[in-house]
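A short worksheet on the structure shown next.
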Amino acid sequence: MITNARLVNYIHSLEPDQSEILEAVRKEALAADVPIIRDETAALLKCLIRIINPKRILEIGAAVGYSALIMAEVMPESATILTVESYEPRIREARRNFMHSPYHDRITLVEGDAGELLRRLTEEKQNFDFIFLDAAKAQYPLWLPYLMRLMRPGAVLVSDNILQEGSIIESRYQIARRDRTIHARMREYLYTLKHTEGLETAIVPIGDGISISTRYQEDNNKIEIGL
Ligand SMILES: C[S@@+](CC[C@H](N)C(=O)[O-])C[C@H]1O[C@@H](n2cnc3c(N)ncnc32)[C@H](O)[C@@H]1O
């Protein structure tokens, strides 16, 4: 996490204007206190999509569709996005935002629990070139075996909010009781990302902290699902 506010403001000031639709979705989301990715995270996401040129993108945590639309703007023309959201008011909003965008036929929104979706996609042996993970943080370590199975070799997994506003470095006793599960699970997630054979991971301290992982193992049957 970059903690120098002036530096972050400077980085933001370099961002060119967004498309009208993205700016409208962003403004509405911020006005309604919907948590959406930060500008510097969006810039990195766009850059990665341009480098990887993914055909199939999976997003976990659509909210009102802002980050999906960001990815859609820079993905190849033949690419598709599958995204999932469980909170009804946001589902409605995301559907509306997708419908009003030029990408409505290339973004599929699944309504419901991401864990169930991950189990189904894994059973169907689907795979993706790029996964953006941005939902219930405490679920990250539980979802990781599924995510790994869904990554074709060479695929990239980007996980958001991994540094938890910096609190990730505090001892458990410095953390409010209600946040201790998330704190412990996120530490477990980061440790696993860095120590799992078949994954190469960098932890990048921008925004609220993101990790970028790529899968290099050829045989995904070696990936154990312990749930
Ligand atoms: C941080 S927001 C996503 C923001 C979005 N990626 C963006 O930047 O535009 C996280 C979203 O994940 C959703 N979510 C949390 N747990 C979920 C689950 N188990 N299944 C589906 N959606 C979930 C929340 O309702 C919330 O809208």
Side-chain angles (χ1 to χ4, degrees), residues 1 12 15 18-19 21-49 54 57-75 81-101 103-104 107-122 128 130-147 150 156-165 167 178-179 181-182 185-186 189 204 206-212 227:
M1 250 174 82
H12 288 177
E15 285 298 327
Q18 302 202 88
S19 64
I21 169 156
L22 272 183
E23 201 41 43
V25 174
R26 179 176 179 275
K27 274 195 185 138
E28 270 183 37
L30 292 177
D33 277 335
V34 176
I36 55 170
I37 51 170
R38 302 178 192 193
D39 292 354
E40 60 274 35
T41 309
L44 185 61
L45 209 52
K46 284 194 282 189
C47 200
L48 287 170
I49 297 277
I57 298 173
L58 174 65
E59 178 184 68
I60 307 297
V64 294
Y66 179 66
S67 52
L69 288 170
I70 283 183
M71 294 190 281
E73 277 197 349
V74 293
M75 70 187 183
I81 299 178
L82 182 65
T83 184
V84 57
E85 176 57 51
S86 58
Y87 184 43
E88 180 55 38
R90 291 186 187 157
I91 292 171
R92 255 183 283 128
E93 206 50 33
R95 278 210 185 288
R96 197 178 58 97
N97 290 332
F98 294 151
M99 274 315 292
H100 292 155
S101 82
Y103 316 105
H104 54 87
I107 302 178
T108 304
L109 175 64
V110 175
E111 303 179 12
D113 177 54
E116 280 173 29
L117 175 70
L118 290 174
R119 268 184 280 277
R120 176 166 69 74
L121 295 173
T122 305
F128 296 86
F130 190 89
I131 301 179
F132 179 47
L133 178 58
D134 190 19
K137 315 303 165 198
Q139 302 303 312
Y140 284 15
L142 308 178
W143 290 342
L144 183 59
Y146 294 93
L147 295 167
L150 293 172
V156 168
L157 165 67
V158 172
S159 315
D160 198 14
N161 307 109
I162 54 150
L163 297 181
Q164 303 274 285
E165 303 287 349
S167 67
R178 65 173 185 279
D179 295 328
T181 301
I182 293 188
R185 294 266 183 94
M186 190 55 82
Y189 181 66
V204 186
I206 65 157
D208 191 20
I210 67 168
S211 60
I212 304 174
L227 297 179

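Note that ligands are numbered from 1 as they come in the structure, with each ligand's atoms numbered from 1 the same way. Just so we're clear, the structure is a prediction, and the values are computed from it rather than from any experiment.
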Inset, instruction - May I ask which of S86, A138, P89 has a heavy atom nearer to atom 17 (C) of ligand 1 than the others do? - result: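 It is S86 that holds the nearest heavy atom.
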Any N/O of [X] closer than 3.5 Å to an N/O of ligand 1?
| X | answer |
| --- | --- |
| S67 | yes |
| D134 | yes |
| K137 | no |
| Y87 | no |
| A114 | yes |
| A135 | no |
| P35 | no |

Can you tell if the side chain of [X] reaches within under 4.5 Å of the side chain of [Y], non-hydrogen atoms only?
| X | Y | answer |
| --- | --- | --- |
| L45 | D160 | no |
| Y146 | R119 | yes |
| F130 | M75 | no |
| F132 | I57 | no |

Tell me, please: is [X] in heavy-atom contact with ligand 1, that is, under 4.0 Å?
| X | answer |
| --- | --- |
| G115 | no |
| G112 | yes |
| A42 | no |

Among all protein heavy atoms, pick the one closest to [atom] and tell me residue, atom and distance.
| atom | answer |
| --- | --- |
| atom 15 (C) of ligand 1 | A136 N, 3.5 Å |
| atom 19 (N) of ligand 1 | D113 OD1, 2.8 Å |
| atom 8 (O) of ligand 1 | I37 N, 2.9 Å |
| atom 26 (C) of ligand 1 | R90 NH1, 3.2 Å |

Legend entry - Side chain, backbone, both or neither: the part of E85 lying under 4.0 Å from ligand 1 by heavy atom: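 Both backbone and side chain.
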Inset, instruction - Answer side chain, backbone, both or neither: which part of A29 comes under 4.0 Å from ligand 1, heavy atoms only. - result: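 It is neither part, as no heavy atom is under 4.0 Å.
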Under-4.0 Å salt bridge between [X] and [Y]:
| X | Y | value |
| --- | --- | --- |
| R95 | E111 | yes |
| K137 | D179 | no |
| R96 | E93 | yes |
| E116 | R120 | no |

Inset, instruction - Using the side chain to side chain donor-acceptor pair (under 3.5 Å) rule, take Y140 and S159 through it: C-alpha gap first, then chi angles, then the decisive distance, then the call. - result: CA-CA 9 Å; Y140 284 15; S159 315; over 6 Å; no
Inset, instruction - Check each of I107, T83, L82 against E59 using the side-chain contact (heavy atoms from CB on, under 4.5 Å) test, and report the only one that passes. - result: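 Exactly one option meets the side-chain contact (heavy atoms from CB on, under 4.5 Å) with E59, and it is T83.
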Legend entry - Residue W143 vicinity, atoms of ligand 1 by number, heavy atom under 4.0 Å: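 With W143 as reference, the close atoms of ligand 1 come out as 19 (N).
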Legend entry - Where ligand 1 meets I36 - atom numbers and elements under 4.0 angstrom, heavy-atom basis: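 It comes down to these atoms of ligand 1: 7 (C), 8 (O), 9 (O).
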Legend entry - Expected output: side-chain N97 to main-chain V64 donor-acceptor under 3.5 Å: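 At least one qualifying donor-acceptor pair exists.
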